[in-house]
Participant: 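I have a structure I would like to understand better, so I am pasting it below and will then ask my questions one at a time.
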Amino acid sequence: MPHVLEILNERFTEAISRAAGAAHAGADPLLRPSAQAKFGDYQANAAMSLGKQIGRPPRELAEAIVQSGRWEDICQKVEVAGPGFINLTLRDSFINAQLAQMAADDGIGLPRAKRPWTVVVDYSSPNVAKQMHIGHLRSTIIGDAIARVLERLGHRVIRQNHVGDWGTQFGMLIEYLIETGAAAEDELKVADLEALYRAAQQRYEADEAFAAHARQRVVDLQAGDITAVTLWRALVDESKRHFEAVYRRLGVKLTDADIRGESFYNDQLPGIVNALEKRGLLHDSEGAKVLYPEGFKNTEGEPLGMIVRKRDGGYLYATTDLAAAKYRIEQLGADRLIYVTDSRQNQHFAMLFQALREAGWAPEHVRLEHVPFGMVLGKDRRPLKTRSGRNVRLDEVLDEAVERAGQIIAEKNPEMAGDWWRDAAEAIGTGALKYADLSGQRIKDYIFDWDQMLAFDGNTAPYLQNAYVRIRSIFRKGEIDPALVDPGAIAAEEPAERDLALKLLQFPEVVGGVAETLEPHRLCSFLYEVATGYHRFYENCPVLTAGDESRRQSRLALCDLAARILAAGLDLLGIRTIEQM
RNA sequence: GCGCCCGUAGCUCAGGGGAUAGAGCACCGGUUUCCUAAACCGGGUGUCGGAGGUUCGAAUCCUCCCGGGCGCGCCA
């Protein structure tokens with residue numbers, strides 16, 4: 001089912017090629033929702049630039065486009081205004097028909113990709129033997145939303161959680177576990193991974209003999225020594241349980257099956273270096289093997305390189321990233337690679353992508369995309385830390401979010417109690433936390449502010465959840481089963497109804513935009529507009545007491561469609577809706 | 001030094017070639033015999049960091065500058 005914008009686009013493309021010549025059949029009509037109500041519902045801005053291009057007065061060209069087009073069935077008014085704007089007012093019957101189609105569709109008008117991509121989304125990527133902290137929040141939340149959106153549009157999404165499960169730090173951890181006797185227990189239980197890490201690190205720094213043993217453990221581990229490997233695996237498993245618990249609470253779709261850590265690529269690394277060497281891409285620099293992707297310069301204006309093998313023969317993250325990308329393209333069949341990491345890694349990914357092209361591992365048709373995001377800052381505009389200067393743990397953040405949400409709803413709706421209250425607190429608390437992260441342009445740093453994210457006014461999750469709750473409340477009160485509402489009954493009459501209807505019809509194009517730009521905040525802005533539109537409708541248009549029955553049915557159907565879009569949109573963001581709050 | 005990113009209302013943020021730059025918060029004032037007032041309505045905010053340039057048209061694109069953040073070979 002083509003959505004409104006697609007239909008308009010098609011009509012305009014036709015009209016333009018008729019009015020301006022077939023040579024301009026490909027010209028973008030530049031359709032936008034109108035800036036102001038008096039300019040209609042949509043406006044097409046192509047005549048101005050196109051007129052200039054082909055040497056015709058823009059207004060005249062606009063008139064010609066209007067004359068050449070077919071509008072009667074979809075527009076009640078098409079007029080040229082100002083220097084050459086074409087303002088469209090959609091026909092109510094067209095709006096209603098589109099709404100009916102959308103409402104009758106289980107997918108609420110979201111198209112399924114005709115040629116699905118295989119997309120690998122790399123996100124979250126916490127470190128084994130460390131607690132997940134605030135630094136993992138954005139990648140986890142943004143990555144999950146992106147994966148959900150692509151999945152919903154019918155693409156084959158492969159989540160990859162590239163956990164840090166390898167490296168020299170495991171030597172000290174293993175040595176510490178042995179030294180303290182924890183290793184001797186039947187089942188390794190690490191109450192606090194962070195504490196373990198710190199304790200081991202302290203020993204490492206304070207005791208030279210311990211450090212020497214730890215370094216030996218690294219060698220043992222790499223050599224496959226049974227004791228070292230067993231303890232390493234225990235640490236990994238323990239960490240996975242911790243990750244899993246956080247993901248479940250956060251409502252993030254990552255599971256154990258999505259974890260493919262750095263260690264997975266270990267035995268591929270020598271092959272990677274060999275292959276690069278064979279292609280003549282590597283240079284020797286003080287004993288290290290270095291690849292110089294074209295177009296990168298260092299301080300002195302000399303080529304900037306990526307070290308793929310250290311002087312001592314060890315490998316680095318660049319090597320692992322190359323191996324992982326190659327694996328994703330060749331083994332997983334990916335034609336779109338998405339990396340959700342903080343913006344500081346911009347250059348690293350630019351170089352990585354260039355290297356992948358030069359090595360021939362990423363053919364031209366494979367899209368390589370880094371999805372960078374800014375930092376989480378405190379109100380003081382400094383990176384968020386605890387009072388003692390440590391990273392804020394994610395489980396602590398979640399606890400606080402839920403607790404604060406619980407207090408707020410207890411205050412606003414004292415009748416809620418028990419499981420209802422607890423469930424609502426979870427949904428609102430975690431929803432607020434996630435939405436705050438998703439609703440701004442992801443490239444910017446964002447200021448972490450509990451009061452703001454949990455506010456019931458403004459562009460927040462609770463506001464959206466409340467709009468949904470108010471709709472559901474109507475159906476409860478009227479004892480009406482939404483499944484029995486007739487999608488064809490919608491007849492938007494009042495301005496508030498019409499505004500809401502037009503907004504709802506934009507859902508498919510907005511979701512499509514997110515899939516293209518990988519910017520979830522566009523969906524947030526849209527949902528916020530849906531919610532404000534709904535609240536306005538709610539104030540102006542009684543539903544249950546609408547008077548005549550067909551109007552009542554129409555409004556019920558509009559309510560249900562709005563509820564479904566709010567719920568579906570929030571679900572794409574990984575945020576739950578609830579029945580009461 | 002080189003590179004990347006950011007700079008929009010007092011605060012938090014949308015808007016990324018189109019008409020008079022928008023929300024929320026905060027501040028003031030309204031609205032409830034009526035489906036959740038957890039809402040809605042009204043009131044006013046701006047050298048869009050600055051200067052040039054491109055364009056019929058610039059917050060948006062280009063150049064330079066200022067301010068802030070981050071990154072620049074054996075960590076990830």
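Naming convention: chains lettered A, B, ... in sequence-line order (proteins, then strands); numbering from 1 in each chain.
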Participant: Check whether any side-chain nitrogen or oxygen of A/K444 sits under 4.0 Å from OP1 or OP2 of B/A14, and answer yes or no.
Facilitator: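 For A/K444, the contact criterion (side-chain N or O under 4.0 Å from OP1 or OP2 of B/A14) is met.
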
Participant: Checking base pairs now: Watson-Crick or wobble, both atom distances under 3.5 Å. What partners B/A59?
Facilitator: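 Base partner found: none.
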
Participant: Donor-acceptor pair under 3.5 Å: do we get one between A/Q441's side chain and the base of B/G16?
Facilitator: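 For A/Q441, whose side chain was compared with the base of B/G16, there is a donor-acceptor pair (under 3.5 Å).
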
Participant: Assign A/G164 to base, sugar-phosphate, or nothing according to its heavy-atom contacts below 4.0 angstrom with the strands shown.
Facilitator: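 The residue A/G164 makes no contact with any strand.
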
Participant: Can you see if the side chain of A/R381 gets near the phosphate of B/U12 - specifically, an N or O under 4.0 Å from OP1 or OP2?
Facilitator: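 Checking A/R381 against B/U12: at least one side-chain N or O falls below 4.0 Å of OP1 or OP2.
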
Participant: Please work out if A/A81 contacts a base, only the sugar-phosphate, or nothing of the nucleic acid, heavy-atom cut-off 4.0 Å.
Facilitator: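 The answer is base, as A/A81 lies within the cut-off (heavy atoms under 4.0 Å) of a base atom.
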
Participant: Across all strands, who's sitting opposite B/A23 as a Watson-Crick or G-U wobble pair, both distances under 3.5 Å?
Facilitator: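 WC or wobble partner is B/U12.
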
Participant: Grab the NE2-C1' distance between A/H535 and B/A39 for me, whole Å please.
Facilitator: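 Spelled out: NE2 on A/H535 to C1' on B/A39 is 6 Å.
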
Participant: At less than 4.0 Å, is any side-chain N or O atom of A/R536 found next to OP1 or OP2 of B/C41? Yes or no.
Facilitator: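 Answer is yes, contact under 4.0 Å.
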
Participant: Please name the nucleotide paired to B/C75 by Watson-Crick or G-U wobble geometry with both distances under 3.5 Å, or report none.
Facilitator: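 With both distances under 3.5 Å required, B/C75 matches none.
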
Participant: May I ask you to say what A/M375 touches in the nucleic acid, namely base, sugar-phosphate or nothing, with a heavy-atom cut-off under 4.0 Å?
Facilitator: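 Sugar-phosphate contact only.
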
Participant: Would you say A/Y317 reaches B/G73's phosphate, i.e. side-chain N/O to OP1/OP2 under 4.0 Å?
Facilitator: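 So the side-chain polar atoms of A/Y317 never come under 4.0 Å of the phosphate oxygens OP1 or OP2 of B/G73.
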
Participant: Expressed as a whole number of angstroms, how long is the span from A/I443:CD1 to B/U8:P?
Facilitator: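 Atom-to-atom, A/I443 to B/U8, this comes out as 16 Å.
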
Participant: Does a side chain donor of either A/Y534 or A/R470 reach within less than 3.5 Å of an acceptor in the other side chain?
Facilitator: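 On atom types as modelled, these side chains do not qualify, holding no pair under 3.5 Å.
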
Participant: Go ahead and name the base partner of B/C34; Watson-Crick or wobble counts if both distances stay under 3.5 Å, otherwise write none.
Facilitator: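 For B/C34, the partner nucleotide comes out as none, under the 3.5 Å rule.
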
Participant: Any donor-acceptor pair under 3.5 Å between the side chain of A/K379 and the base of B/U12?
Facilitator: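 Such a pair does not exist between side chain and base.
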
Participant: OP1 or OP2 of B/C56 versus the side-chain N and O atoms of A/K52: is any pair under 4.0 Å?
Facilitator: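 Yes.
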
Participant: Any idea if B/U32 is syn or anti, going by the 90°-from-0 cut?
Facilitator: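 Here B/U32 takes the syn form, which means its glycosidic angle is within 90° of 0.
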
Participant: Using a 4.0 Å heavy-atom cut-off across all strands, classify A/S343 as base, sugar-phosphate, or nothing.
Facilitator: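 Counting heavy atoms under 4.0 Å across all strands, no contact is made by A/S343.
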
Participant: Strictly by Watson-Crick or wobble contacts shorter than 3.5 Å, is anything paired with B/G3, and which nucleotide is it?
Facilitator: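 Base partner found: B/C70.
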
Participant: Would you mind reading off the distance between A/D284 atom CG and B/C74 atom P, rounded to a whole angstrom?
Facilitator: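 Those two atoms, CG and P, are 16 Å apart.
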
Participant: Is the distance from OP1 or OP2 of B/C75 to the nearest side-chain N or O of A/K310 less than 4.0 Å?
Facilitator: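 Checking B/C75 against A/K310, a side-chain N or O does come within under 4.0 Å of OP1 or OP2.
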
Participant: What contact category does A/F39 fall into here, base, sugar-phosphate, or nothing, at under 4.0 angstrom with non-hydrogen atoms?
Facilitator: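 Base, at least one base heavy atom under 4.0 Å.
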
Participant: Tell me the partner of B/U54, counting only Watson-Crick (N1-N3 plus N6-O4 or O6-N4) or G-U wobble (N1-O2 and O6-N3) with both under 3.5 Å; none if nothing fits.
Facilitator: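 Result: none.
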
